[in-house]
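Structure first, then comments.
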Amino acid sequence: MPKRLFSKMRFYEIKDLMQNVKRPRRIDIVLNHKRRKKDVQRVTVHETNDETFPAKLSWQHDHKVNPTLEKSLQDKKYLAAFHTFLQSEFSDENIEFWLACEDFRATSSPDDLCWKAEEIYIKFIKPMACKEINVDQRIRETIKKSLGEPTLSCFDEAQRHVYLLMERDSRPRFLNSDAYLSLKHKSKTLWYI
């Protein structure tokens with residue numbers, strides 16, 4: 001019988017009933033969370049800046065907060081672990097392209113620029129390349145046009161795109177992986193030795 005009564009109820013009657021229900025606004029919840037987080041940060045900063053503590057306790061802070069992707073790529077241990085993780089997920093072309101671009105930027109000879117740019121294009125950018133990266137057609141065409149006279153910045157846009165892909169997609173999964181957690185645990189205990 002309740003089903004029968006509900007089926008005869010009109011949509012506008014349901015809408016009228018819902019107006020009486022107060023729902024919290026999502027933006028208020030988010031703003032309150034941010035305020036609480038800022039208050040906690042202020043308290044911790046105030047406590048650590050006390051004169052009784054040393055100014056820098058880097059071994060404490062380095063292990064509490066996960067390193068950014070930029071710091072991970074600068075540290076050889078984290079870079080090797082991240083590269084191995086990406087290989088296990090069959091997406092190592094991103095890190096290899098990023099490393100190739102960094103090597104390309106360090107090139108000083110104009111002759112080396114030409115062949116390195118061509119090599120990077122054939123290996124990573126060209127359609128159906130052996131390790132083709134995920135960039136849009138506009139970026140591909142821009143790079144292809146710049147191969148005649150390559151500059152140190154001809155791969156910057158593609159490198160930035162790949163970096164953002166790694167930061168948003170691969171890095172969060174890496175931070176939850178066993179490889180990262182074991183490396184983090186090992187680096188915590190190494191400073192005692």
Side-chain angles (χ1 to χ4, degrees), residues 26 30 34 37 41 56 58-191:
R26 185 74 185 152
V30 172
K34 285 183 181 177
K37 194 172 184 179
Q41 288 174 348
K56 253 190 177 177
S58 62
W59 58 270
Q60 282 183 344
H61 298 293
D62 289 343
H63 301 296
K64 288 183 181 178
V65 180
N66 293 329
T68 62
L69 181 60
E70 185 177 344
K71 287 183 181 180
S72 297
L73 294 175
Q74 291 172 355
D75 187 0
K76 290 181 181 181
K77 292 183 291 184
Y78 285 106
L79 177 62
F82 188 55
H83 190 263
T84 305
F85 172 75
L86 290 176
Q87 283 177 334
S88 71
E89 290 201 332
F90 303 103
S91 62
D92 59 328
E93 67 274 358
N94 292 332
I95 190 72
E96 289 179 13
F97 173 73
W98 189 85
L99 291 170
C101 288
E102 288 297 306
D103 181 50
F104 179 76
R105 278 192 190 161
T107 305
S108 57
S109 170
D111 296 331
D112 290 344
L113 277 179
C114 289
W115 69 264
K116 280 187 178 183
E118 188 69 32
E119 186 178 280
I120 290 173
Y121 178 78
I122 290 171
K123 189 173 181 181
F124 299 106
I125 308 292
K126 188 177 180 180
M128 303 303 289
C130 62
K131 293 196 176 224
E132 184 178 1
I133 58 170
N134 186 13
V135 291
D136 60 0
Q137 188 64 26
R138 182 185 56 79
I139 295 174
R140 287 181 199 278
E141 292 300 321
T142 304
I143 292 172
K144 189 174 184 178
K145 288 176 185 174
S146 69
L147 287 179
E149 292 182 29
T151 62
L152 291 176
S153 62
C154 65
F155 294 109
D156 282 355
E157 192 173 1
Q159 187 180 15
R160 191 177 316 111
H161 182 75
V162 167
Y163 181 86
L164 290 174
L165 278 175
M166 289 190 299
E167 186 174 45
R168 292 179 185 151
D169 184 41
S170 304
R171 182 177 171 266
R173 290 195 314 272
F174 172 65
L175 294 177
N176 293 325
S177 71
D178 292 334
Y180 173 74
L181 294 174
S182 65
L183 180 66
K184 186 177 176 183
H185 178 69
K186 285 179 186 176
S187 64
K188 277 185 181 177
T189 57
L190 283 179
W191 71 275

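Worth saying up front: this structure is predicted, and the values here are computed from it rather than measured.
- Using a cut-off of 4.0 Å between Lys/Arg side-chain N and Asp/Glu carboxylate O, K71 and D75 are scored as not salt-bridged.
- With contacts defined as side-chain heavy-atom distances shorter than 4.5 Å, the pair L86/F174 does not qualify.
- In terms of heavy atoms, C114 sits closest to P150 at CA-CG, 3.8 Å.
- Closest of all the heavy-atom pairs between K131 and D92 is NZ-OD2, 3.3 Å.
- For the residue pair I133 and N94, the shortest heavy atom distance occurs at CG2-OD1, 4.1 Å.
- Scored by the salt bridge (Lys or Arg N to Asp or Glu O under 4.0 Å) test, E132 finds R140 as partners (sequence neighbours excluded).
- For K126, there are no salt bridge (Lys or Arg N to Asp or Glu O under 4.0 Å) partners, not counting sequence neighbours.
- Between L183 and A81, the closest heavy-atom pair is CD2-CB, 3.9 Å.
- Between the side chain of H161 and the backbone N or O of N134, at least one donor-acceptor pair lies under 3.5 Å.
- Across all non-hydrogen atoms, the minimal contact from A158 to I143 is CB-CD1, 3.8 Å.
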Donor-acceptor pairs under 3.5 Å, side chain of residues 103-110 to any protein atom, not counting sequence neighbours: which ones?
from : atom 1 : to   : atom 2 : distance (Å)
D103 : OD2    : K116 : NZ     : 3.3
R105 : NE     : D156 : OD1    : 3.2
R105 : NH2    : D156 : OD1    : 2.7
R105 : NH2    : Q159 : OE1    : 3.1
T107 : OG1    : D103 : O      : 3.2
T107 : OG1    : F104 : O      : 3.1
T107 : OG1    : K116 : NZ     : 3.0
S109 : OG     : D111 : N      : 3.4

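- Ring geometry, Y180 versus Y78: the interplanar angle falls from 30° to 60°, so the pair is classed tilted.
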